[in-house]
Each structure stands twice: as structure tokens, then as C-alpha cells.
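To keep things clear, I will list the structure first and then write my remarks on it.
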Amino acid sequence: MFYLTTAIDYANGDPHLGHALEKIGADAIARYHRLRGEDVHFLIGMDEHGQKVSQAAGAEGETPQRLVDRVAEHFQAMWERLAISNDQFIRTTAPEHRAGVQALIQRIFEREPDDFYQKAYAGWYCVGCEAFKTESEIENGRCVLHPTRTLEWVEERNWFFRLSRYGDFLRAHFADHPSFLGPESRRNEILALLDQGLEDISASRARLGWGIPFPRPTADGEPQTTYVWFDALPNYLTATGFPDPAFASRWPAQLHVVGKDITRFHCVIWPAMLRAAGLPLPARVWAHGFVTLAGGERFSKSAGVRVELAEAVERYGPDAFRYFMLREVPFDGDGAFSWERFDERYTADLANAFGNLASRAIAMVERYCGGEVPPGRPNAVDAADAADYERYRSAMDGERGYLLHEALASVWQTVRRGNEYVDRQAPWKLAKDPARRGELEEVLATLVRQLARQAVHLGPFMPTRAEELWRQLGGPGSVHAQRIGAQGGPLDPTGWRVVRGDPLFPKPTAAPPSPAWAAGEP
RNA sequence: GGCAGGGUAGCUCAGCUGGUUAGAGCACGGCACUCAUAAUGCCGGGGUCGCGGGUUCGAGUCCCGCCCCUGCUACCA
């Protein structure tokens, strides 16, 4: 069982490029593991509690539940549009999640009663925000967001979780499991954090309205609401059905895909919570970077201008968008989005290099072989491709981390090789000489073998276009049903009947998007 | 401030434990070809390898100093 998750998205706005990058990347990983024949469970979801949600709802004159219902629909519609293949979609407002969170807390109370304790929390409280403010949120003694209001010094009693106890455990776990957190730079940051020592964290709040009731009241009798850490992070666990004993058939997760900004929560707080509950830890956490907007172009954050996700997806369709994001933004760091780069990549990589290679190969099989792929044996081209696919594999399976951009680059090495091979062999010349029929057939068979491999390996990245190529090649069944790795023998397309179709990636006809950028929130 | 990682062709980057004329892709110029979405292949122009010292027969690659950029330095989900 390969159980992987993405961070649950906070339901206070619609999905943007950043959300999409994470889901697309995780989807490629999930689909890759399915190609390897593994039993995959892929979880995505929404984080729907908290002050900001209830405030946003209040501002729009509706209930928090109605707001999150609407936002969740927007997210799910987008993931469907992007062909995200999640097996499950969890929402923290679901009754099952609520029950799971409370069960987890109870379990910690039972196993490690000393890990929860009550303490008066004191701090500057902003009535406008309905929340306590930290130093960084206070300027001149006033809340940055509500400078007209006066901050109140408020004390309330709530539950704390003894995170400080788990520093040694976490250090040891990191030492024993070098690949627990990647990439390396994030790992080093967390190790530095652990060396500083940990402080305890809030587990409940009294003034929090929109959330899961904390299972135990405090001594002053005030009902408590579960604070974010114990509400949001356990979604990965509650999604398995916990505390139903069957949860163990899926837990622990093999991989949490998260943004680099929340690695700390996933690599310190979450493991400590699980440890306290006596539950196994996830095998790995991968922290991806962010999509930035290219400076010096038409877009800039300072101008309050941003790229609309829907517009980017519609530009060349979901598959091309997925390709661009995962090729251009290294999955272990940041990368910029710009329409110019998007157009360049689309034209050079997808339309010219790859789409056209498929077009010319399929056209020649039709013209010279009546559409039936001639027999052929693996040759030097296959051997060279194999080396590229070995790099693809090591970039995808976590061996060196999750370097999706490198995997794509490896496939494009084979595309480059294919174009070079066609020109060198010049099958259109061979076709004019009946004596060279054998050579012609070998060349065309080689090309189709290459394309078939490319279709299979690009399936995780461009599921729809890969399937369309597979269909045009005359491959059996679905490209996504193919298996690579140990169980998969070399593909042999002999006898397939190719079907010329529309270009996989038609050349752009329209000019780049007009300056219709929307002035949004910065 | 502290810790960490970076500054290499117009753009995005590769250059492992120091060693022949510093590489790739895109973009740009020329040539070739015609199967193909006027696509592709080949050749080429283009870089004081952030700045200044030092070690060495020899440094983008090591050492010192400086400049600039990014991330982290815990209750925002």
C-alpha cells in the first residue's frame, strides 16, 4: 500500500497556482506508483475550521458551513479539471474527522496523561481578529490588521501539549531515518530547530468558535475547542477511518507532500502527536517549493497582479499546464511562472519536439506500412533510452528525492534522440528503394517503440494526452494500465494499427493572454 | 543578529573529491532535409565563471575578506 497525501488546503479562498503545483506533483507521484503496479491510495482535502473561515463567512453573511461547502466545491472542480486522481477527499468538517480527532486526543490522554496539561494562556487579544496576536503582528501596540482598535491583555485557560518532551525522540528519529524529510535543505532547517529546543504548543482554545470540541473541559469549566494542530494535521490519520481498527491497513502514510512553509508542522508537531498516541510515523515528508511570478514581466506581486489558475489551465489545456508546472518549477525548490516561458515550453517541447515526432512517425507508418507497425528488435536507440528511463525512475521513486522536473527532462532526452534518429535514418529515402524495405521497417518500429515508452512514462504527467497518443499508436487497452519496472517487459508494438489523429499539441493560434489580469489580493 | 544555501552565456540551469580550448536546453544566425504541427537535424556566434586577495605547476572548483540574493530562526491556517 502506497498511501500518499497532500496538505489540506485552507478554505478561505479559491485555488491558485500554488495549490495546483502541489496537487499536480503529488498526482504524478501517485500515478507513477500505480504504473509500478503498487496499490495506491491518494488523499487530498480541505482544512475548514478556524477564525478566518468564520470571519469570511460572517463578512459574506452566510454560515461557515455554507462557505466551506462552496469553497470545497470550487477546489474539487479544479482538481477534476486537472485530472487529479485522488482516491479520497477529506474535509475537516466531516463528522468522521471530528470523531477521529477526538479519539486521537482521548488516546493520548489515556497513554500519556502527562502530555496534556492546563495552563493559563495570556497574550494580546485583538477583538477585530478575534485572535491572540504575536509580537510580529503588533505594531506600536496595535494590531497590524486593526490599527484603530485597542489590543486587550487577555488570559484564558486551555490545554497544552507537551511537545518539549519529544525533542530527543525527534532527533533520534531524524538520525535513524535520513530520508524522513527532504529535500536536504529543509531537513537541515528542522535539525537546527530541534537543536534550539522545543516549546509546548496549544491544544485547545476557549475563544475559538468554529472547530471541533475538545473532548475535555478545563478546570474552570469552560468548553474548549481543538486548536489547529490537533484539528488539521490528524486528517491524514482520520481519513483512514481511525479509530476503527481497520485504519491500520492504510496507516502509516508512505509520503506526505507538503509546501516548504509547513514542513515544521509535519516533521515536528505531527510526529510528536503520533508518538504520544503510540502510532507509527509516516515514512516520508517531501517539502516542495513555490510558484513565483517572474519579475520584470507584466506580472508582479507589488502591483497586486496575479495569474489566474483557470486562465493558465485554459491556455493550452490541463495536460500542457501540468507539464509546464512540473517541468519549470523544480519539485525541490521554487520556480517562476510566466506566460512567455509557458508559450516557449509549449511550442518547443510539446508541439515541436514531442507532438511533431509522434505526427511524423505515425504518418510514416500509415504511408509506408499501411498503418500496421512492422516487426523490429530493440537496438542501440532502445539501449540509450533505457539509460534515460533509469534516471527517470530514480527521480520518481524517491531514491534521490522527488525530482519530477528531472524525470521529465529524462523523457525529453529520448524525444530528442527520436528526432535525431529519424533524420539520420531518413526513412522517406529508404522508402524509395524496395531493396531497403527491411531497414525502413526497423526504423519505423524503433520509432513506435520509443513513442510507446514515452506515452507510458508521460502518463503520470499528462494523463489525457498520453492516453491519446497511446490510442493513435494503436496500443492495447489504456496506457494507464501498463506496468513499468520489474514486472514490465520491453514494449513490443509489432502489429499495432496506428490511427492518425489531430495533433497532440497544436501550435498556438491565439496571441498570449491579453492584459486581462485581475487585480486580486496581494 | 545567528544558522544554512546560493551568485556560471539574453533566459533557466549543470559543472563530483582542483587539471587539456567552461557545458546543456531555450532564444538568436547559417546550412541541410522534406516523413511531419514551416516541424526536424547539423554547424555557429555569445560567458572578466559576483568583487578583491591568497594557496598551488595549475582554481568556476580550496582558503580569507567584501558585496548581493534566498530560506529558517515555532501557535497564520
Side-chain angles (χ1 to χ4, degrees), chain A residues 7-13 46-53 92 121 123 129 131-134 136-137 160-161 163 183-203 205 227-229 231-233 260-265 268-269 287 289-290 292 294 296 327-330 333-336 338 340-341 343-345 347-368 405-406 409 412-413 415-416 418-431 440 443-444 447 500 502-509:
Chain A
I8 49 176
D9 299 310
Y10 197 55
N12 65 343
M46 305 291 299
D47 178 9
E48 306 186 320
H49 288 134
Q51 262 343 305
K52 287 185 178 173
V53 163
T92 57
Y121 182 97
C129 295
F132 286 94
K133 305 270 98 176
T134 58
S136 58
E137 298 168 309
F160 277 72
F161 174 65
L163 181 63
E184 195 68 22
S185 53
R186 299 297 148 201
R187 182 170 191 272
N188 291 334
E189 286 175 4
I190 296 299
L191 288 175
L193 184 77
L194 290 175
D195 283 339
Q196 285 177 33
L198 301 174
E199 289 175 23
D200 294 343
I201 55 172
S202 297
R205 286 290 168 83
Y227 195 54
V228 55
W229 318 121
D231 180 331
L233 290 167
K260 64 183 184 183
D261 54 331
I262 53 174
T263 52
R264 196 176 60 229
F265 310 146
V268 176
I269 298 179
F290 294 145
T292 61
R327 182 70 184 81
E328 194 71 8
V329 182
D334 296 346
S338 78
E340 186 185 30
R341 285 295 281 181
D343 288 349
E344 279 177 13
R345 284 266 179 221
T347 303
D349 295 359
L350 296 178
N352 293 352
F354 181 50
N356 184 57
L357 176 62
S359 273
R360 61 199 309 203
I362 291 169
M364 285 189 280
V365 172
E366 279 212 336
R367 181 185 291 206
Y368 304 134
H405 53 295
E406 288 192 12
W412 254 259
Q413 284 299 318
V415 171
R416 165 170 293 282
N419 277 315
E420 179 189 336
Y421 179 72
V422 186
D423 269 45
R424 287 250 159 83
Q425 303 301 319
W428 48 91
K429 286 182 181 165
L430 298 175
L440 172 65
V443 172
L444 297 184
L447 287 172
R500 278 200 86 171
D502 291 334
L504 290 169
F505 302 100
K507 277 296 193 64
T509 52

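The sequence lines fix the lettering, A, B, ..., with proteins before strands; numbering per chain opens at 1. Both backbone and side-chain heavy atoms feed into the values below; hydrogens, waters and symmetry mates do not.
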Heavy atoms under 4.0 Å, any strand shown: does [X] hit a base, just sugar-phosphate, or nothing?
X: G50(A); result: nothing
X: A363(A); result: sugar-phosphate
X: G13(A); result: nothing
X: I269(A); result: nothing
X: D200(A); result: base

What is the distance from CZ of R500(A) to C1' of A39(B), rounded to the nearest Å?
12 Å

Which whole-number value in Å describes the distance from N356(A) CG to A39(B) C1'?
4 Å

V268(A) vs A192(A), nearer the 5' end of RNA chain B by closest nucleotide:
A192(A)

Considering heavy-atom distances to RNA chain B, does I262(A) or S185(A) have its closest nucleotide positioned more toward the 5' end?
S185(A)

Results of salt bridge (Lys or Arg N to Asp or Glu O under 4.0 Å) for D195(A) - residues two or more places apart only
R171(A)

Using atom types as modelled and distance alone, determine if a side-chain donor or acceptor of Y10(A) lies under 3.5 Å from a backbone N or O of H49(A).
yes

Phosphate-side-chain proximity, [X] and [N], N/O vs OP1/OP2 below 4.0 Å:
X: R360(A); N: G41(B); answer: no
X: K429(A); N: C33(B); answer: no
X: Y421(A); N: G41(B); answer: no

My understanding is that a pair needs two contacts under 3.5 Å, Watson-Crick or G-U wobble. By that rule, which nucleotide pairs with [N]?
N: C31(B); result: G41(B)
N: C26(B); result: G10(B)
N: G71(B); result: C3(B)
N: U20(B); result: none
N: C51(B); result: G65(B)
N: C76(B); result: none

Which value, rounded to the nearest 0.5 Å, describes the distance between T92(A) atom OG1 and I8(A) atom CD1?
5.5 Å

Find the distance between OG1 (T263(A)) and CG (L193(A)) and round it off to the nearest 0.5 Å.
9.0 Å

Can you give one letter per nucleotide of nucleotides 23-32 of chain B, going 5' to 3': B for a protein heavy atom under 4.0 Å from the base, S for sugar-phosphate only, - for none?
--SS------

Does D231(A) come within less than 4.0 Å of R205(A), counting only side-chain N to carboxylate O?
no

Decide, yes or no, whether a salt bridge links E420(A) with R424(A) under the criterion of side-chain N to carboxylate O below 4.0 Å.
yes

Is it the case that the ring center of W412(A) lies less than 6.0 angstrom away from the ring center of F354(A)?
yes

Counting side-chain heavy atoms from CB outward, which of U37(B), A74(B), U34(B) is closest to W428(A)?
U34(B)

Any idea which of G41(B), G71(B), C75(B) is nearest the N419(A) side chain?
G41(B)

